[in-house]
Amino acid sequence: MMALLREDIDSVMSRDPAARSRWEVLTTYPGVHAILSYRLGHALWERGLHYPARVLQFVARMFTNVDIHPAARIGRRLFIDHGAGVVVGETAEIGDDVTLYHGVTLGGTSWRKGKRHPTLSSGVVVGAGAKILGPITIGDRVRVGANSVVVKDVPADRTVVGIPGRIVRSEGRRGPDGLDLDHHLIPDPVGKALACLLDRVKVLESRMTAAGLNPDECGECSDSCDCGSMMKSAKDEH
């Protein structure tokens, strides 16, 4: 238990530039307190002492605002940044070197007993407010963008964004420990699609002009109406 606690503290020191000392992390970080309480509660749960484990979970939630079920399975060096509002369900599984930001939920989508919460593989980073729901698997080193909602399996080395989560490749910069904490540097597939449409419109208009047609006369929109002004603004920005 002490070895795990030292690793948990070291993980905070390596991933949080605001951490000044190990003593500060041990005494003031609710994420560390929540993980320590979980490890104690999980030990009780594994020995069949379910009620004391749930009581410890309840007390830890009151003091840390982090709710981790003692039956969940969590690997080494988990870092819960800020901690506020993090929920980890009963059948959730978390690998090594995972980072969870505030507001993250690893939730279930069924009332049936059995596996109903997600599995996070090693090196996963889950951005603030993200929800990962159901018995799905998130592959190694996946980044989940802030406020995303993930309901399907994600292969390794991907970035997930949006509601529902969409998968895109990302070659994000890795930190010195192999982790990529830049979960805010995420692609915008909707913006990319709009940019492609604007390029297509520009090509079509140039072809119409070459054919002797005036593109402005081929539609009902003008600069004075909402859609016309939006298109003009989008073209100017593009």
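For the atom pair Asp67 CG and Gln57 CD, the distance stands at 4.5 Å (nearest 0.5 Å). Considering CD1 of Ile80 and OH of Tyr38, their distance stands at 10.5 Å, rounded to 0.5 Å.
For the pair Arg77 and Glu7, the salt-bridge criterion is met [side-chain N within less than 4.0 Å of a carboxylate O]. Ion pairing of Arg15 with Asp97 is present here, as a side-chain N (NZ or NE/NH1/NH2) and a carboxylate O approach within less than 4.0 Å. For the pair Arg76 and Asp8, the salt-bridge criterion is not met [side-chain N within less than 4.0 Å of a carboxylate O]. Ion pairing between Arg22 and Asp10 holds under the 4.0 Å rule for side-chain N and carboxylate O.
Counting heavy atoms from C-beta on, the side chains of Arg141 and Asp157 come closer than 4.5 Å. Using a 4.5 Å cut-off on side-chain heavy atoms (C-beta onward), Ile74 and Ile35 make no contact. Between Arg54 and Trp45, the closest side-chain pair of non-hydrogen atoms falls below 4.5 Å. Under the 4.5 Å side-chain criterion, counting only non-hydrogen atoms from C-beta, Leu106 is not in contact with Val87. With contacts defined as side-chain heavy-atom distances shorter than 4.5 Å, the pair Val160/Arg166 does not qualify. The side-chain heavy atoms of Phe79 and Leu100, taken from C-beta on, include no pair separated by under 4.5 Å. Arg73 places a side-chain heavy atom less than 4.5 Å from the side chain of His42. Side-chain contact check for Val25 versus Met13: some heavy-atom pair is nearer than 4.5 Å.
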Do Val150 and Ile136 pass the side-chain contact (heavy atoms from CB on, under 4.5 Å) test, and can you show the C-alpha distance, the side-chain angles, and the key distance before you say yes or no?
CA-CA 9 Å; Val150 185; Ile136 62 176; 3.9 Å; yes
Go through it in stages, so that I can follow the logic: the residues are Val88 and Ile94, the test is side-chain contact (heavy atoms from CB on, under 4.5 Å), and I'd like the CA-CA distance, side-chain angles, deciding distance and then a yes or no.
CA-CA 9 Å; Val88 179; Ile94 300 176; 4.3 Å; yes
Would Thr99 and Val124 count as a side-chain contact (heavy atoms from CB on, under 4.5 Å) here? Give the steps.
CA-CA 6 Å; Thr99 302; Val124 172; over 6 Å; no
Intermediate values then yes/no, side-chain contact (heavy atoms from CB on, under 4.5 Å), Val144 and Val125:
CA-CA 6 Å; Val144 180; Val125 176; over 6 Å; no
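With hydrophobic clusters built from ILVMFWY side chains whose heavy atoms lie under 4.5 angstrom apart, Val66 does not share a cluster with Met62.
Between Val142 and the choices Thr159, Thr137, Val154, the side chain to side chain contact (heavy atoms under 4.5 Å, CB included) rule is met once, by Val154.
Residue Val149 shares its hydrophobic cluster (ILVMFWY side chains chained together at separations under 4.5 Å) with Leu133, Val151, Ile163.
One N or O on the side chain of Asp140 and one on the backbone of Ser122 form a donor-acceptor pair closer than 3.5 Å. A donor-acceptor contact shorter than 3.5 Å links the side chain of Thr91 to the backbone of Arg116. Put simply, the side chain of His50 never gets that close to the backbone of Ala71: no donor and acceptor are under 3.5 Å apart. Remark: the backbone N or O of Leu198 is not paired with any side-chain donor or acceptor of Arg200 at under 3.5 angstrom.
In terms of heavy atoms, Tyr29 sits closest to Glu24 at CD1-O, 3.9 Å. Closest heavy-atom contact between Ser206 and Val203: OG-O, 2.6 Å. Residue Ser148 comes nearest to Gly162 through the heavy atom pair OG-N, 3.2 Å, listed as atom of the first residue, atom of the second, then distance. Nearest heavy atoms, Gly75 versus Arg39: O-NH2, 3.0 Å. Pro135 approaches Thr109 most closely through the heavy-atom pair CD-OG1, 4.2 Å. Of all heavy-atom pairs spanning Ala72 and Gly89, the tightest one is CB-O, 3.5 Å.
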